[in-house]
Protein chains: 2
Amino acid sequence: MPVATHADHAPLELERFIPYQLSIVSNTVSQTIADDYQARYDLSVTEWRVMAVLARFDGLSAREVAERTATDKVAVSRALSRLVAAGRVRRHMHENDKRRSVLGLTPAGWEIHDVVAPMARQRERDFLAQLSDEEQAWLGRILDKLMP
Amino acid sequence: MPVATHADHAPLELERFIPYQLSIVSNTVSQTIADDYQARYDLSVTEWRVMAVLARFDGLSAREVAERTATDKVAVSRALSRLVAAGRVRRHMHENDKRRSVLGLTPAGWEIHDVVAPMARQRERDFLAQLSDEEQAWLGRILDKLMP
DNA sequence: CCCTTATAGTTTCACCTGTAACTACTTGCA
DNA sequence: TGCAAGTAGTTACAGGTGAAACTATAAGGG
């Protein structure tokens with residue numbers, strides 16, 4: 001059996017360290033959701049997030065998608081390449097600014113969205129069901145406050 | 001300006017989707033902490049977590065470290081190779097079971113630990129300072145409940 | 001005992017990610 | 001105008017990461 005070391009060193013108790021707990025909880029729930037669609041649609045987490053914002057905001061540029069998903073623009077560019085190649089996202093150039101792309105879901109993209117979005121919401125409910133109503137309300141407020 | 005698409009499709013509101021919020025908040029705080037030690041000590045997040053558990057539990061095997069850090073055993077194996085090579089962790093074989101390693105921090109490992117642990121705790125305090133005392137208490141309880 | 005099965009740890013492979021460098025286009029000011 | 005500076009997006013490179021395969025050792029049942 002492992003033995004706690006001398007108190008002089010004040011070791012970090014990882015399992016009670018909030019940033020560590022957040023990382024474990026976040027990875028667990030995200031992976032659970034991703035398991036629902038990754039194998040079935042060959043869709044990465046980043047790709048799904050891109051599709052989710054395009055479902056809400058049609059016609060965004062790649063940079064705007066990057067902002068709204070809090071994702072690096074390089075990652076968005078790669079996700080878009082795959083999504084366009086798979087026929088899930090349409091991309092054309094802005095008429096007045098030839099640097100910008102104008103993005104949106106294709107019918108095939110919408111089909112996937114309309115299956116995955118309800119699954120994701122259901123997983124969110126399953127996850128929150130571990131908490132009481134009061135705890136759920138506090139968690140919502142706390143996360144809103146902590147979001148950058 | 002982007003326009004919200006038709007309600008039939010019920011698009012996900014990413015910025016109010018709890019798993020997404022968790023992932024943003026978690027990545028932000030973990031990266032802030034990592035910035036403190038990564039460049040200074042050439043230490044990855046996984047390596048730091050391995051050191052933190054060895055600070056608390058001397059003599060663990062690699063598998064036990066993997067369990068306690070919720071990290072893949074491959075990632076732990078690689079982190080240990082680097083930590084041993086850097087003289088921060090000592091590793092020898094278990095006398096009765098030659099498959100198992102017996103791990104612990106070296107004096108050099110302790111020196112780093114004793115600098116990084118207080119920094120990490122300070123970052124945790126800074127992070128929590130965004131919340132009221134009541135919110136901090138709820139967050140603590142909620143995370144304990146959600147930890148697998 | 002021996003042989004099957006299980007476990008600890010490492011290596012390999014394929015992929016994902018972020019940083020930096022690059023191209024193409026636009027803007028603004030001399 | 002035309003040239004410097006800024007912006008959108010892609011490409012290249014350099015790690016990091018997980019799944020699967022592999023080696024070595026241990027455990028357990030005939």
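Checking A:Lys98 against A:Thr71, the closest nucleotide of DNA chain C that is more toward the 5' end is the one next to A:Thr71. Closest-nucleotide positions on DNA chain C for A:Asn96 and B:Met93 were compared, and the one nearer the 5' end corresponds to B:Met93.
Per the geometry, CD belonging to B:Glu64 stands 11 Å off C1' belonging to C:dA8, to the nearest Å. Taking atom CG of residue A:Asn27 and atom P of nucleotide C:dT17, one finds them 13 Å apart after rounding to whole Å. Per the geometry, CG belonging to A:Asp42 stands 10 Å off P belonging to C:dC15, to the nearest Å. The separation between B:His92 atom NE2 and C:dA8 atom P is 18 Å, rounded to whole Å. Spacing between atom NE2 of B:His94 and atom P of C:dT7 amounts to 17 Å, rounded to whole angstrom units. A:Arg49 places its CZ atom 15 Å from the P atom of C:dC16, with the value rounded to the nearest Å. Taking atom CG of B:Asp72 as the reference point, atom C1' of C:dT11 lies 13 Å away to the nearest angstrom. Straight-line distance from the CD atom of B:Gln31 to the P atom of C:dG18: 9 Å, rounded to whole Å.
Side-chain contact annotation: B:Asp126 with B:Gln122, donor-acceptor N/O pair under 3.5 Å present. Between B:Arg49 and A:Ser23, the side chains place a donor N or O and an acceptor N or O closer than 3.5 Å (distance only, hydrogens not considered). Side-chain contact check for B:Gln38 and B:Asp42: no donor-acceptor pair (N or O, by modelled atom type) lies under 3.5 Å.
Of all nucleotides in DNA chain D having an atom under 4.0 Å from a heavy atom of chain A, the first and last in 5' to 3' order are D:dG6 to D:dA12.
Within 4.0 Å of B:Ser44, counting heavy atoms only, lies no atom of the nucleic acid at all. Heavy atoms of A:Arg91 sit under 4.0 angstrom from primed sugar atoms or phosphate atoms, though from no base atom. Nucleic acid contact class of B:Ser81 (heavy atoms, under 4.0 Å, all strands): none.
In this structure, B:Arg100 and B:Glu64 have side chains that are in contact, with non-hydrogen atoms separated by less than 4.5 Å. A 4.5 Å side-chain heavy-atom check between A:Arg56 and B:Leu12 finds every atom pair outside the cut-off.
Phosphate contact (OP1/OP2 of C:dA24, side-chain N/O of A:Arg99, threshold under 4.0 Å): absent. Contact annotation: A:Thr46 reaches the phosphate of C:dT17 (side-chain N/O to OP1 or OP2, under 4.0 Å). Regarding contacts with the backbone of C:dA6, every side-chain N or O of B:Arg63 stays at 4.0 angstrom or more from both OP1 and OP2.
Using a distance-only test at 3.5 Å, with no hydrogens or angles considered, no donor-acceptor pair links the side chain of B:Thr71 to the main chain of B:Glu67.
For A:Arg78 and C:dG18, a side-chain-to-base donor-acceptor distance below 3.5 Å is present, hydrogens and geometry of angles not being considered.
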| task | Could you check A:Trp138 against A:Leu143 for side-chain contact (heavy atoms from CB on, under 4.5 Å), going step by step and ending with a plain yes or no? | result | CA-CA 9 Å; A:Trp138 278 101; A:Leu143 285 176; over 6 Å; no

